[in-house]
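Order of the sequence lines fixes the chain letters, A, B, ..., with proteins taken first and strands second; residue numbering starts at 1 for each chain.
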Protein chains: 2
Amino acid sequence: MSDSHIQVTASLDPCGLDEHPDCGIRDVLTRVGDKWSVLVIVELASGIRRFRELQRGIDGISQRMLTLTVRRLERDGLVTRTVYPTVPAQVTYELTALGSSLTHLVKQLADWSLDHRETIGRSRARYDAQHPDNEIH
Amino acid sequence: MSDSHIQVTASLDPCGLDEHPDCGIRDVLTRVGDKWSVLVIVELASGIRRFRELQRGIDGISQRMLTLTVRRLERDGLVTRTVYPTVPAQVTYELTALGSSLTHLVKQLADWSLDHRETIGRSRARYDAQHPDNEIH
DNA sequence: GTCTGACATGAAAGTGCCTCCTTGTGGACT
DNA sequence: AGTCCACAAGGAGGCACTTTCATGTCAGAC
């Protein structure tokens with residue numbers, strides 16, 4: 001850990017050394033840490049979805065963001081996009097085996113967050129009370 | 001899942017309903033998904049650190065980013081900051097029980113990433129070859 | 001012709017993280 | 001005075017994500 005290094009480049013290539021798992025964690029967070037990706041993953045964990053179905057299942061996401069998000073997930077190999085030559089055209093998205101392998105971790109993170117939500121909220125309130133000058137929300 | 005909703009506000013308050021674990025996952029990613037937080041957590045998992053020790057242990061992080069990052073982690077209750085009235089002044093940081101409770105998940109994410117790094121790399125190369133017009137890296 | 005559904009894409013503006021550089025505080029030392 | 005150590009904070013610019021709005025393609029229906 002103390003020997004960790006990340007050469008910060010545009011694509012954030014992890015160093016890949018086994019003794020540097022932190023590089024790995026940065027990589028996965030870069031991959032799913034954006035606003036919408038993990039929500040897409042969670043929705044697809046429930047089964048294959050057409051574009052509109054997927055959009056309706058994720059509150060607040062625009063057509064644009066959904067298109068960009070699923071494209072990135074597809075590029076990373078987490079999602080499969082299938083185009084049907086129907087009229088009107090239809091596209092479906094589903095998790096790959098790789099994408100599915102991430103879902104149990106996502107579930108655990110969600111559980112952790114729910115388990116500790118109140119504690120974190122109290123901590124924030126306490127901190128803000130003690131540091132009224134610090135605007136870091 | 002399909003009833004999920006996130007009211008996107010500046011502070012991203014999760015809805016907190018048990019049937020909406022995705023709100024939880026967004027919350028935790030907001031918390032540790034930035035570039036440096038998880039690296040700080042990983043470094044502190046190895047033990048208490050003074051500021052400079054922490055900075056040296058995380059390659060590439062500036063004094064400024066470290067200050068901001070530990071401040072946010074402290075606010076969330078993941079890290080304890082202890083000031084020693086020495087000359088020169090000294091500060092130490094260590095994980096709280098809450099912060100520590102996250103480390104095994106972080107480890108799992110890191111492992112997942114290392115396990116699948118090659119697969120993802122290949123997927124990207126394949127995707128880029130098939131979609132030369134898509135600049136989405 | 002227009003409209004619809006389904007989905008992709010382009011353009012521009014807004015936002016905030018991140019970086020770089022600088023300054024500050026409090027001692028101690030030369 | 002200057003320099004050092006230890007750490008915090010200010011200011012400004014860059015960049016990418018995000019959002020909004022608009023446009024595009026392809027058929028089919030009217």
Side-chain angles (χ1 to χ4, degrees), chain A residues 6-12 26 29-40 49-75 79 81-93 127 130-137, chain B residues 6-12 26 29-40 49-75 79 81-93 127 130-137:
Chain A
I6 301 189
Q7 297 304 325
V8 182
T9 67
S11 61
L12 189 64
R26 272 283 355 125
L29 286 178
T30 300
R31 186 152 287 114
V32 305
D34 68 283
K35 182 169 179 178
W36 299 110
S37 289
V38 78
L39 298 179
V40 169
R49 292 284 191 277
R50 281 178 294 120
F51 187 93
R52 283 295 174 212
E53 284 178 331
L54 192 49
Q55 190 182 7
R56 282 196 297 270
I58 304 170
D59 203 55
I61 193 168
S62 66
Q63 182 177 318
R64 176 66 170 158
M65 284 317 300
L66 183 54
T67 299
L68 291 183
T69 302
V70 290
R71 188 192 295 166
R72 282 191 209 113
L73 290 172
E74 185 192 0
R75 183 170 179 269
V79 164
R81 176 173 176 271
T82 309
V83 183
Y84 296 87
T86 57
V87 174
Q90 293 215 345
V91 178
T92 62
Y93 296 94
Y127 185 92
Q130 292 173 0
H131 307 84
D133 299 333
N134 280 345
E135 304 281 346
I136 59 168
H137 329 306
Chain B
I6 301 188
Q7 297 305 325
V8 181
T9 66
S11 60
L12 187 63
R26 273 283 356 125
L29 287 177
T30 299
R31 184 152 288 115
V32 305
D34 68 283
K35 181 168 180 179
W36 299 111
S37 290
V38 76
L39 299 178
V40 168
R49 292 284 190 279
R50 281 179 295 122
F51 187 92
R52 283 296 173 210
E53 285 177 332
L54 193 48
Q55 189 182 10
R56 280 195 299 268
I58 304 170
D59 202 53
I61 193 169
S62 65
Q63 182 177 311
R64 176 69 168 156
M65 284 317 301
L66 183 53
T67 299
L68 291 183
T69 301
V70 290
R71 188 194 297 168
R72 284 193 208 113
L73 291 172
E74 187 193 359
R75 182 169 180 271
V79 164
R81 177 176 176 267
T82 307
V83 182
Y84 297 89
T86 56
V87 174
Q90 294 217 346
V91 179
T92 63
Y93 296 94
Y127 185 93
Q130 292 173 357
H131 307 83
D133 299 333
N134 281 347
E135 304 282 344
I136 59 167
H137 328 309

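- The only member of Thr69(A), Val91(A), Val70(A) that meets side chain to side chain contact (heavy atoms under 4.5 Å, CB included) when paired with Leu54(A) is Val70(A).
- Across the protein-nucleic acid pair, Arg50(B) atom CZ and dA8(D) atom P stand 13 Å apart, rounded to whole Å.
- Between Asp34(A) atom CG and dC17(C) atom C1' there is a gap of 14 Å when expressed in whole angstrom units.
- Side-chain proximity of Phe51(B) to dA9(D), dA8(C), dC7(D): nearest is dC7(D).
- Residues Arg50(B) and Gln55(B) form no side-chain contact, since every pair of their non-hydrogen atoms from C-beta on lies 4.5 Å or further apart.
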Should Thr30(A) and Arg26(A) be marked as a side chain to side chain donor-acceptor pair (under 3.5 Å) after you check the CA-CA gap, both sets of side-chain angles, and the distance that decides it? CA-CA 6 Å; Thr30(A) 300; Arg26(A) 272 283 355 125; 3.3 Å; yes
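- dC18(C) atom P lies 16 Å from atom CG of Asp59(B), rounded to whole Å.
- We find that CG of Leu29(B) is positioned 15 Å from C1' of dC17(D), with the value rounded to whole Å.
- Atom P of nucleotide dA16(D) and atom NZ of Lys35(A) are separated by 20 Å, given to the nearest angstrom.
- When the P atom of dC20(C) is taken as reference, atom CD1 of Ile61(B) falls 12 Å away, rounded to whole Å.
- Across the protein-nucleic acid pair, Leu39(A) atom CG and dT18(D) atom C1' stand 14 Å apart, rounded to whole Å.
- The side-chain heavy atoms of Arg71(A) and Arg75(A), taken from C-beta on, include no pair separated by under 4.5 Å.
- At the heavy-atom level, Tyr84(A) lies nowhere under 4.0 Å from the strands shown.
- Among all heavy-atom pairs drawn from Leu29(B) and Val32(A), the shortest one is CD1-O, 3.5 Å.
- With contacts defined as side-chain heavy-atom distances shorter than 4.5 Å, the pair Leu39(A)/Ile61(A) does not qualify.
- An OP1 or OP2 oxygen of dA8(D) is reached within less than 4.0 angstrom by a side-chain nitrogen or oxygen of Thr67(B).
- Between the CD atom of Glu53(A) and the P atom of dG5(C) there is a distance of 16 Å, given to the nearest Å.
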Quick one, give me the B/S/- string for nucleotides 20-28 of chain D, reading 5' to 3', where B means a protein heavy atom under 4.0 Å from the base and S means that only happens at the primed atoms, P, OP1 or OP2. B------SS
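- Side-chain atoms of Arg72(B) and Arg31(B), non-hydrogen and from C-beta on, never get closer than 4.5 Å to each other.
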